[in-house]
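The sequence lines fix the lettering, A, B, ..., with proteins before strands; numbering per chain opens at 1.
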Amino acid sequence: MTKDSPNLFGSLFEPATRSRVVPVLVPMPAPKPYSYTVPDGVAVEPGSIVQVPLGPRKVIGVVWDGEDDGSVDAKKLRAIERVFDCPPIGREMRQFLDWVAGYTLSPPGLVARMALRAPAAFDPEPMVEGLRFVGGQPERMTPARARVLDMARDGLSWTRSGLAHAAGVSTSVVDGLIAQGIFETIFLPPPPVVALPDPDFSAPRLEGVQKDAAVDILNTVRSGGFSVALIDGVTGSGKTEVYFEAIAETLRRGKQVLILLPEIALTASFLERFQDRFGAKPAEWHSDLAPRTREKVWRQAVTGEVRVVAGARSALFLPFEDLGLIIVDEEHDPAYKQEDRVYYNARDMAVVRARISDFPIVLVSATPSVESQVNGQSGRYTTIHLPTRFGDAALPDLHLVDMRRHAPERGGFLSPVLLRGIGKTIERGEQALLFLNRRGYAPLTLCRVCGHRFQCPQCSSWLVEHRFRNQIQCHQCGYAERTPEACPDCGTLDHLVACGPGVERIAEEVERHFPEARTIVLSSDMAGGVKRLRLELDAIAKGEADIVIGTQLVAKGHNFPLMTLVGIVDADLGLANGDPRAAERTFQLLSQVTGRAGRTGRESHGLLQTYQPQHPVMQAIVSGDAGAFYDREIGERERALLPPFGRLASIIVSADARGDAEAHARGLRQAAPQVSGISILGPAEAPLALVRGRHRFRLLVHGRRASDMQAFLRAMLAHGPKERGSVHVQLDIDPQSFL
DNA sequence: AGCACGCCGACT
DNA sequence: GTCGGCGTGCTC
C-alpha cells in the first residue's frame with residue numbers, strides 16, 4: 001500500500017497491482033503499437049523481440065518505446081507469451097524504423113516486420129554436436145578404425161559425419177568408436193556463416209587517381225561521424241577497389257559494414273573480388289537465400305559475429321549489432337526502390353540510417369542519379385571523381401549512327417554501318433554485343449487485311465509475339481496464348497504482320513547476314529531460367545559465341561572480356577515513355593551497356609543507332625561529357641517543377657477509367673493548395689498494370705517544400721477508409737531535405 | 001497483413 | 001441441397 005492512497009477502501013477495491021503494460025509493434029497495418037501486459041517475473045525492455053497473441057494467432061512483435069497511455073480497455077489486454085533469447089533491437093535501429101514509417105507513411109508494424117524477416121532466428125542457434133578424441137585404443141583394431149583414429153589424432157573436434165567422410169568410412173565405424181569411449185560427444189558453438197574478413201589480407205592495388213580517391217575515402221572514415229561520399233567513376237575505373245579501402249578501415253575500427261547492391265549485381269564474381277581483398281567472403285542477403293542460411297546470417301549480424309554483409313535492398317533492415325559503414329553500389333539503380341506494402345528507396349533510407357547512427361555512407365555509381373548529382377553540387381555530398389579507366393582498359397570509341405542517313409534494308413533494323421562493324425569484329429575473332437531492350441520477336445502484331453491489333457484481354461497493352469515459344473504474351477500482366485494462325489477478327493489466314501523489332505527478330509536478321517557466326521540471344525525469359533543464363537554468360541566470357549544479342553540484363557554486372565563492339569539497336573527506345581526520368585534512365589542504361597566493351601586493352605567501339613542524334617542523351621554518351629547532360633537534366637526538372645530536390649511525390653491510384661483518375665486528381669488539387677501541381681501519367685502514356693479490372697494511374701504531385709508534401713500526403717491518407725484501399729502512396733523525396 | 005464471418009452462383 | 005468465390009471487419 002502506498003502512502004498517498006486516498007483511503008483504505010479505495011485501494012482495497014482497486015486491483016492489487018495493475019500488471020505492467022508495454023507497447024508492442026505487431027506485424028500488422030495498425031497506426032500504432034498495441035498494448036500487452038508483461039507477466040510477473042518476465043523482463044522486457046524496448047527492442048525485446050516477443051511472441052504475442054493476436055486474434056486467433058501468435059505473432060512476433062517488438063516491444064516499443066513509450067509509456068502505455070491506458071487508452072485500451074484493461075479487459076482487452078492480453079499477455080506477452082514469450083521473450084526470445086535474442087539481443088533486443090537497438091535504440092538507433094528503433095529510431096530508424098520509426099523514421100521510415102513516418103516518412104513513407106507506412107504502418108510502423110509493417111516496417112518493423114522488415115527487420116524481423118528471419119522466421120526462426122530469434123532463438124539462439126542450436127549447439128552443434130561434435131566429437132573429441134579422448135585417447136586409448138579400441139578393443140579390436142580394423143583398417144577402417146585405424147583411418148578414423150589417424151584423422152582424429154590432431155585433437156581437434158570433428159562432426160560425426162565429417163570425420164567419417166574424411167576417413168572414407170561409414171558413420172557406423174565412428175559410432176563403434178564412440179561406444180567404446182574413444183570419442184566423447186561435445187557441444188560446439190554453431191560455425192560462423194562466413195569466415196572473418198581481414199582488412200589487411202592483401203595490399204590494395206591502387207594507382208594514380210584511385211590512390212587519391214582512396215585517401216579521400218579513408219579520411220572520411222577516419223574522421224568518423226555522419227558524412228555522405230559520392231564516388232562517381234566510369235565503368236572499369238576501380239570504384240570497387242576504392243570503397244574496399246573504406247571497408248578495410250571500418251573493419252580495423254571494429255565496426256560492421258553493409259554493402260548494398262542491386263540484387264542482380266550480387267554475383268559470384270563480386271564475392272570473389274571481396275575475398276581476394278579480405279581473405280573471406282561477405283555474408284550474403286537476398287530474396288532467394290535458403291531459409292536456414294537466412295536465419296544464420298540474421299542471427300550473426302545481430303550478435304556481431306558477421307562483420308560484412310553484402311545484400312539487396314532488404315539488407316538495410318538487418319538490425320546490426322554495431323554498424324559503422326554503408327556502401328550503396330550502383331546507387332542510381334531503380335531496383336533500390338521497393339514499390340509494394342512499404343514504399344521506400346533503400347539508397348535514401350540508407351543515408352538516413354547513417355545519419356541516425358552517425359557513421360559515414362558511400363554512394364557509388366558510374367552514372368549517378370540526378371538526386372545524388374544535385375546533392376554533390378550543393379555540397380551536401382562529397383563527390384569523388386574517377387574519370388579514367390584502370391590499367392590498360394581503354395574506354396570504347398563511341399559513334400552515333402544517324403538512321404535517317406544510314407537506313408537499314410527493307411524489313412531490317414540494322415544499318416549497313418553496324419552490319420559492317422559486326423562483320424569486321426567477328427573476322428578478327430572478337431565478339432560483338434547487340435543491345436535492344438525489348439524481349440520477344442515483335443512488340444505489336446496486326447492483321448494486314450483488317451488492321452486488327454493483338455491486344456491483351458486483361459489490360460490495355462499490346463501482345464508481344466515470342467517466336468521461340470510460339471506465343472503472344474502481355475508484358476504487363478503476364479497473359480499469354482498460342483500465336484494464332486488466323487486473324488480472330490476477319491479470319492484471314494497467314495496475313496498477320498509483325499511490327500517493330502524485339503531481340504528474337506534481331507537474331508533472325510543477324511543470322512541472315514552472318515550464317516556462320518555463333519549467335520546467342522540473352523533475355524530474362526530465356527528457357528532454362530537463371531541457371532542456364534549463368535552457364536551461357538560463362539560460355540560467352542570464354543569466347544564461345546561471336547555475336548550476343550541481349551536485353552537489359554546484359555547491362556549489369558557481367559563482364560565480357562573479349563567484347564570489342566557494342567551495337568545499340570535502338571538508342572531512342574525509352575526516351576518517350578512519359579516517365580519524367582526517361583532521359584536519365586536512358587543515359588544510365590546506354591552508359592552501362594557501352595561500358596561492357598573495351599576492357600581487354602584492345603581497341604573497342606560502340607555504335608548507337610538513333611533517329612535523334614542531336615538529343616542531349618546521345619550527345620552526352622558520345623562526348624563522354626556527362627556534366628553538361630546533368631546540368632541540362634537538372635534545369636529541365638526545375639522548369640517542369642519535377643525537381644529531385646524534395647518536392648516530388650508519386651502516387652498510384654486505381655480507377656475504372658481515366659476519367660475517374662482525372663476527377664480524383666481535380667479533387668486533390670482543390671483540397672491541396674499547398675502543392676503546386678498534380679499531373680497524371682496513365683495507361684495511355686505509360687501502360688501501368690491493370691489489376692482486376694482497374695487501371696492504375698500514377699499521379700505526380702509536386703510542392704514547393706518537402707513539408708508541404710508530407711502534409712498533403714497525410715491529409716490524403718486520412719481521407720477515408722474507402723480511399724485508402726485504392727490509393728497507394730509512394731514518396732519519392734530526397735531524404736537530406738528532412739535531416 | 002491474416003483470418004473469420006457472411007452472403008450469392010455452379011456442382012457432388 | 002452443399003462447396004466456394006471474395007467483400008467487410010477485427011485483432012491490444
Round to the nearest Å and state the distance from Tyr36(A) atom OH to dC12(C) atom P.
5 Å
Lys/Arg N to Asp/Glu carboxylate O, Glu371(A) vs Arg347(A), below 4.0 Å
yes
Scan Arg57(A) against the nucleic acid and name what it touches under 4.0 Å (heavy atoms): base, sugar-phosphate only, or nothing.
base
In whole angstroms, the gap separating P of dC12(C) from CG of Leu25(A) amounts to 15 Å
Measure from CE on Met28(A) to C1' on dC10(C) and round the result to the nearest Å.
9 Å
From CG of Leu110(A) across to C1' of dT11(C) the rounded distance in Å is 14 Å
Would you please say whether a donor-acceptor pair under 3.5 Å links the side chains of Ser287(A) and Glu263(A)?
yes
Quick one about Gln300(A) and Glu125(A) (side-chain donor to acceptor, distance below 3.5 Å, no hydrogens or angles considered), yes or no?
yes
Between Glu92(A) and Ser357(A), do the side chains contain an N or O donor and an N or O acceptor separated by less than 3.5 Å?
yes
Which nucleotide in the set dC12(C), dC3(B), dA1(B) lies at the smallest distance from any side-chain heavy atom of Val72(A)?
dC12(C)
Which whole-number value in Å describes the distance from Lys58(A) NZ to dA1(B) C1'?
18 Å
Between CG of Leu116(A) and P of dA1(B) the distance, given in whole Å, is 17 Å
Classify Pro29(A) by what it touches in the nucleic acid, base, sugar-phosphate, or nothing, heavy-atom distance under 4.0 Å.
base
How close or far is atom P of dG2(B) from atom OH of Tyr34(A), stated in whole angstroms?
14 Å
Would you kindly give the NZ-to-C1' distance between Lys75(A) and dT11(C), to the nearest whole Å?
18 Å
Have a look at Pro107(A) and say if it touches a base, only the backbone sugar-phosphate, or nothing, with a 4.0 Å heavy-atom cut-off.
nothing
